[in-house]
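Beneath this line is the structure, given in structure tokens, with notes to follow.
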There are 2 protein chains.
Amino acid sequence: MTARSSTDANRVIPEATVARLPVYLRALTALADSGIRTCSSEDLASAAGVNSAKLRKDLSYLGSYGTRGVGYDVDYLRYQIAREIGVTQDWPVVIVGIGNLGHALANFSGFRSRGFRIVALLDADPELVGQTVAGVQVQPFDELEETVRNHDVAIGVIATPAVAAQDVADRMVAIGITSILNFAPAVLAVPEGVDVRKVDLSIELQILAYHEQRKANGAEPGPAAAATADGGAA
Amino acid sequence: MTARSSTDANRVIPEATVARLPVYLRALTALADSGIRTCSSEDLASAAGVNSAKLRKDLSYLGSYGTRGVGYDVDYLRYQIAREIGVTQDWPVVIVGIGNLGHALANFSGFRSRGFRIVALLDADPELVGQTVAGVQVQPFDELEETVRNHDVAIGVIATPAVAAQDVADRMVAIGITSILNFAPAVLAVPEGVDVRKVDLSIELQILAYHEQRKANGAEPGPAAAATADGGAA
DNA sequence: AGGAGTTTGTGAACGTGAGAACAAAACCGG
DNA sequence: CCGGTTTTGTTCTCACGTTCACAAACTCCT
């Protein structure tokens, strides 16, 4: 059986496409909320801020969920994308580092609504331990291992200062966490098989500053490259 | 005079390279802090988490700042990159939306140290107006125009809920802001010439979830694609 | 001074992603 | 039932980004 069904787990979806799927998911949810049942690739593309050819190509990696001459069923497509990404499941998550950013993350509603459940907040600072943030009590960092084991956590979020980040990552990896979202401004070294994604607030601003400087220098009015969002760099 | 000097403002630096320059800048700062005066492309590459060929090619777009057989002078290279990005200048920034995330951003030290100066915090909620966050008093959102004009602000940060984001962006664009960093989970429509970069917390987690799901499904142990950071976002 | 050893900068090959264009497949009206 | 219209899914081409590999350029040692 070498035929390739739409549920074949070995299909490869390009990384650039994977990064856009959550955007489509959100756009579909917005459409559904305004009562729209069906949409064309053009409609969805403009809601997601991409061009329609790219959207159709992206969706074609998942399968053939549209109807020619008609478009896509909003709810059906939404479910298919959600299933593909994995947000139909429940993902227990731990957050380490409950400073200002950790607070914001703990309170961020966008996690809960997409299947991410914060099972623990951890911090090394005894001052913070015991406080309740977003309905969860902050635990000492040393309880990481126990918590991860008890809740079968696969995803960890690091919101510590840069100096602590590598240590936290090492502990996470040692206990079996295989996906890390890193907000600390530091480069993490992790073994093969562990995924790390980095979100760096100051880097984004610096990229804007670069373009801003070029505009100010009157470099070339031509290629003003609007809306360069993304992990532009895949 | 069509010769192209190293200070030629019209050189084009690939977007992917621009996104990495701030990473190199941070790595160089770390090296300088540990007292290292000179480093090879190999050293710097490993500190920045990229491979050395890519690093050299990236730096070659800026000019020829290394010495063959020796390496790069840390301080000199650091200055050149900082100048190229524009972080040797002072960039006044306004933040709109002082919720949990806005608080975190206002307190984030990484902005100040890279030339970004928060000149105003704005929020539409009367409850928040007047409070002092990170040493700055929160102003009513309606003072946006006046503030931007007074401080000659070119960069705005949006940390509002999704529903308000487009309105805020419109007001920012109307008053002359040409670079926007958007934390709201919404697609912003802006005119040509305005740069928007998006940081979306839940999208990053969803990308991790996708890979995590594939690992769990035992899709293929082979291409486990470690450390898929980026951007990407660029 | 000259050769051995390093390390940069870059040309060339390769892989991935984006966009245009079009054939295939559905619906609709007569 | 059939031609016209719409919209998807896919193919093809081009541009961009990454990596390899190596000549050029520098230092150091004898």
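Every chain is numbered from 1, with letters handed out A, B, ... down the list of sequences.
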Rounded to whole angstroms, how far apart are CZ on B/Arg20 and C1' on D/dG17?
-> 8 Å
Among C/dA18, C/dT10, C/dC22, find the nucleotide with the atom closest to the side chain of A/Arg56.
-> C/dC22
Please list all pairs passing the side-chain hydrogen bond (donor to acceptor under 3.5 Å, both in side chains) test where one or both residues lie in residues 30-40 of chain A, with sequence neighbours left out.
-> A/Ser40-A/Asp43
Donor-acceptor pairs are to be reported for all side-chain atoms of residues 25-32 of chain A against protein atoms at under 3.5 Å, with residues two or more places apart or in another chain.
| unit_1 | atom_1 | unit_2 | atom_2 | d |
| --- | --- | --- | --- | --- |
| A/Arg26 | NE | B/Pro185 | O | 3.3 |
| A/Arg26 | NH1 | B/Asp200 | OD2 | 3.3 |
| A/Arg26 | NH2 | B/Asp200 | OD2 | 2.1 |
| A/Thr29 | OG1 | A/Leu25 | O | 2.9 |

Of all the heavy-atom pairs spanning A/Cys39 and A/Leu44, show the shortest one and how long it is.
-> SG-CB, 4.0 Å
With sequence neighbours excluded, residues passing ring pair (Phe, Tyr, Trp, His ring centres under 6.0 Å) with A/Tyr210 | none
Can you list, by residue number, the residues of residues 28-51 of chain B that have a non-hydrogen atom closer than 4.0 angstrom to DNA chain D?
-> B/Asn51
Nucleotide-resolved protein contact map, nucleotides 11-16 of chain D, B/S/- at heavy-atom distance under 4.0 Å = BB----
Among all residues two or more places apart in sequence or in another chain, which pass the ring pair (Phe, Tyr, Trp, His ring centres under 6.0 Å) test with B/Tyr61?
-> none
For nucleotides 23-29 of chain C, print each protein N/O atom paired with a nucleotide N/O atom at under 3.5 Å, atom names and distance only.
| unit_1 | atom_1 | unit_2 | atom_2 | d |
| --- | --- | --- | --- | --- |
| C/dA24 | N3 | A/Arg68 | NH1 | 2.7 |

Kindly determine whether B/Met172 and B/Val96 satisfy side-chain contact (heavy atoms from CB on, under 4.5 Å), including the steps that lead there.
-> CA-CA 10 Å; B/Met172 283 182 168; B/Val96 176; 3.6 Å; yes
Chi angles and distances behind the side-chain contact (heavy atoms from CB on, under 4.5 Å) call for B/Ile177, B/Val173 = CA-CA 5 Å; B/Ile177 283 181; B/Val173 169; over 6 Å; no
Rounded to whole angstrom units, what separation is found between the CG atom of A/Leu77 and the P atom of D/dT7?
-> 16 Å
Round to a whole Å and report the spacing from CG of A/Leu55 to P of C/dG17.
-> 16 Å
Rounded to whole Å, the CG-C1' distance (B/Asp73 to C/dT8) equals 15 Å
Toward the 5' end of DNA chain D, by each residue's nearest nucleotide, A/Ala53 or B/Asp58 = A/Ala53
Runs of at least three consecutive Watson-Crick or G-U pairs, both distances under 3.5 Å, are what I'm after; which ones involve DNA chain C?
-> C:1-30 with D:1-30
Taking every heavy atom of B/Tyr65 against every heavy atom of B/Arg83, the minimum-distance pair comes out as OH-NH2, 3.4 Å
Protein-nucleotide distance (A/Leu62, atom CG; D/dT10, atom P), rounded to Å | 12 Å
Establish, with yes or no, whether the OP1 or OP2 oxygen of D/dT7 is under 4.0 angstrom from a side-chain nitrogen or oxygen of A/Tyr65.
-> no
What is the distance from NZ of B/Lys54 to P of D/dA21, rounded to the nearest Å?
-> 17 Å
Rounded to whole angstroms, how far apart are CD on B/Glu15 and P on D/dG17?
-> 8 Å
Hey, could you give me each pair passing side-chain hydrogen bond (donor to acceptor under 3.5 Å, both in side chains) that has a residue in residues 153-166 of chain A? Not counting sequence neighbours.
-> A/Gln166-A/Asp170
So A/Val50 and A/Tyr24, side-chain contact (heavy atoms from CB on, under 4.5 Å) or not? Walk me through it.
-> CA-CA 10 Å; A/Val50 302; A/Tyr24 302 153; 3.9 Å; yes
What pair of heavy atoms forms the shortest contact from B/Ala169 to B/Leu188, and how long is it?
-> CB-CD1, 4.0 Å
Under 3.5 Å, which donor-acceptor pairs do the side chains of residues 85-95 of chain B form with other protein atoms, sequence neighbours left out?
| unit_1 | atom_1 | unit_2 | atom_2 | d |
| --- | --- | --- | --- | --- |
| B/Gln89 | NE2 | A/Gln213 | OE1 | 2.8 |
| B/Asp90 | OD1 | B/Arg117 | NE | 3.1 |
| B/Asp90 | OD2 | B/Arg117 | NE | 3.2 |
| B/Asp90 | OD2 | B/Arg117 | NH2 | 2.7 |
| B/Trp91 | NE1 | B/Gly86 | O | 2.8 |

Taking distance alone, no hydrogens or angles, what donor-acceptor pairs closer than 3.5 Å link side-chain atoms of residues 106-113 of chain A to residues at least two apart or in another chain?
| unit_1 | atom_1 | unit_2 | atom_2 | d |
| --- | --- | --- | --- | --- |
| A/Asn107 | ND2 | A/His103 | O | 2.9 |
| A/Ser113 | OG | A/Gly110 | O | 3.4 |

For the pair made of CG in B/Leu59 and P in C/dG9, what is the distance, rounded to whole Å?
-> 7 Å
Report the residues that fulfil salt bridge (charged side-chain N to carboxylate O under 4.0 Å, His left out) with A/Asp75, sequence neighbours left out, ordered by chain and then residue number.
-> A/Arg78
